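Atoms within a ligand are numbered from 1 in the order they appear, just like the ligands themselves. Keep in mind that this is a model prediction, so the values were computed, not measured.
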Amino acid sequence: MAMDLPARESMDFDVVVVGAGPAGLATAIRLRQLAAERGADLSVVVVEKGSEVGAHILSGAVIDPIGLDRLLPDWRGDQDRPLATQVTRDEFLYLGPKRGLRLPNVFMPRLMSNHGNFIGSLGNVARYMGRRAEALGVEIYPGFAAAEVLVDEAGRVVGVATGDMGVGRSGEPRADFTRGMELRARYTVFAEGARGSLTREVVDRFALNRGRDHQKYGLGVKELWQVRPDRHRPGLVQHSMGWPLPNHAGGGSWLYHFDENLVSVGFVVHLNYENPTLSPFEEFQRVKTHPMVRDVFEGGKRIGYGARAIMEGGWQSVPRLSFPGGCLVGDSAGFVNVPRIKGSHNAVLSGMLAAEHLFEALQAGRAHDEVASYEEAWRSTEIGYDLKRVRNVKPLWSRYGTLAGVALGGADMWMTELLGWSPFGTMRHGKPDHECLKPLSAVTPITYPRPDGVLTFDKLSSVFLSNTNHEEDQPVHLRVRDPELQKRSEHDVYAGPSQRYCPAGVYEWVEGEGGVRYQINAQNCVHCKTCDIKDPNQNIDWVPPQGGEGPVYLNM
Ligand SMILES: Cc1cc2nc3c(=O)[nH]c(=O)nc-3n(C[C@H](O)[C@H](O)[C@H](O)COP(=O)(O)OP(=O)(O)OC[C@H]3O[C@@H](n4cnc5c(N)ncnc54)[C@H](O)[C@@H]3O)c2cc1C
Ligand code: SF4
């Protein structure tokens, strides 16, 4: 079809930002603030694949306000402020199948304390930042997915193109076909969050991860509940580890009480798990039934559902951040502090840092070159400090399992906090997540209880609560490169793990007359990116569907 397409229209900007999350919006806001302070004229545009800012953002979220305080110092006094509940209490639980243990807070390194943090919806924080950005003159285009990186003859990034709209399932233009747009820029900032599709492309093109460790990921599955007032403890932050996961699989639950009788509950599974019959979704459903947890939900109503990958590689996995024509910020750069399960503060701080370096380059009349000063700076900032001191927690957990690994990780955090030094140096992560699965023949299959429809649910009724929508007549945005390999390996050797790791029930192996067939229910995809990460052969590519589709998360 490429041959008869009309040429794309193009628009020129100083900076194009891909992704209206906290990182992208902080970049845009800081650029416009600097322009206003220095009397410069600077055009900044942000493209967002969700139907509105915040529609695709899913997070816990306990938010360290350090980033917001610095970017928008007046936000706490704003009528429109997105965060109202301050943390009042931290609880850490270790769960066994029937009982559990509350760990005394005195054992917790100080950096794990949530004192001074806020509980809320990161999607709503992004919506608020979007309004503030527009008030500063940033142009935001929600409903437009950046689908292609534009590169000039010299190999420099010169912008992005948004995807074509109105393309039929077989790739033919439909009657409502609209060509994508070229957004050209002196600098392009990738702020796509975890496992961005264009970020992957630039990381590969410029070998940004050369000499760095593999990136690691987890999958977070979340529900939002409206609970009975007598079950609501505003400001309570509760984390658990242990049951229902086996000792050699990492992860745990969170439960955050906030606003008017809202409880955010979720479960993260580290994606280096080995058993292909493990289902992160079902593990999450099970944890809600634990006696130390279940009371909260009695008489309550589940009102939201979603899932999203989280970055877990940390300090040693951060790729080079700058390249000719652009840079990476936020989760695209991997700035999540894993033991704190927090990345939104670093998303904002990294957006600001990138903006400051880009602004100086723009002021000097530069364009399309590498702003290497940003890469050179980050390790000496709060972001570097935040990530460096916890750099061994994840590798220790992966290597020694939950019991010993978490204890060692805790001791390591104490050491780095008190002595500024780790006995482990900087540990490596081992294999990338997609290489960790064992064949079905080497594991004991896990069976899960059926959902009761009150406390535990199935995937389809869950996806319904994510308001996910994709037009069916469009090319499937989950591209299986080699269908034969998928059958031979994913199905025959690993027993179809995509049926279990996908939290939206997108993948099914269906028995039919001609044998087994791989069915992809792409319309249910909640854009968590797990298939792109965990497929054992890296045989599935997630590419953006038409802009404006996917989940519409509210208060998530
Ligand atoms: C389950 C879970 C729990 C978490 N809990 C916490 C917590 O409690 N506290 C905390 O601080 N952090 C938490 N985090 C981490 C935090 O959510 C991230 O660090 C933060 O969202 C990163 O911000 P970002 O702007 O880099 O990316 P995101 O918030 O992911 O935003 C990226 C945006 O880019 C858009 N986008 C992506 N690709 C394209 C494209 N090609 N074209 C156009 N738009 C695109 C997306 O739709 C999205 O809106 C959690 C993460 C997860 C997954
Ligand atoms: S298809 Fe892939 S990206 Fe979509 S919900 Fe399933 S695992 Fe996540």
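Salt bridge annotation for R8-E148: present, with a cationic side-chain nitrogen under 4.0 angstrom from a carboxylate oxygen. At a threshold of 4.0 Å, the pair R30-E356 counts as salt-bridged, since one of the basic side-chain nitrogens sits closer than that to a carboxylate oxygen.
Relative ring orientation between Y374 and H357 is described as tilted, the plane-to-plane angle lying within the 30° to 60° band. Between Y518 and Y507, the ring planes are parallel. Angles under 30° get that label, and only those over 60° would be called perpendicular.
For ligand 1, the polar-atom distance check against S197 finds no nitrogen or oxygen pair separated by under 3.5 Å. Taking any N or O of S332, backbone or side chain, none lies under 3.5 Å from an N or O belonging to ligand 1.
Nearest-residue assignment for atom 35 (C) of ligand 1 (options E48, K342, R308, E148; heavy-atom criterion): E48. Here the shortest heavy-atom distance to atom 9 (N) of ligand 1, taken over V62, V17, V221, belongs to V62. When M311, R195, E192, H527 are checked for heavy-atom proximity to atom 39 (C) of ligand 1, E192 turns out nearest.
Shortest contact from atom 11 (O) of ligand 1 to any protein heavy atom: S344 OG, 2.6 Å. Atom 7 (C) of ligand 1 has as its closest protein heavy atom I341 O, 3.0 Å. In terms of protein heavy atoms, atom 1 (S) of ligand 2 is closest to Y507 CE1, 3.5 Å.
Side chain to side chain, H345 and D386 meet the donor-acceptor criterion of an N or O pair below 3.5 Å. When only modelled atom types and interatomic distance are considered, E192 and S332 share no side-chain donor-acceptor pair under 3.5 Å.
Taking 2.8 Å as the limit, the number of protein N, O or S atoms around atom 4 (Fe) of ligand 2 is 1.
A heavy-atom separation below 4.0 Å is found between A309 and ligand 1. At least one heavy atom of P22 sits less than 4.0 Å from an atom of ligand 1. Residue contact check for ligand 1: F144 places a non-hydrogen atom closer than 4.0 Å to it.
Considering only residues two or more places apart in sequence or on other chains, Q538 meets the side chain to side chain contact (heavy atoms under 4.5 Å, CB included) condition with R195, R200, H434.
Side-chain contact between R517 and W509 is absent, with no heavy atoms from C-beta onward closer than 4.5 Å.
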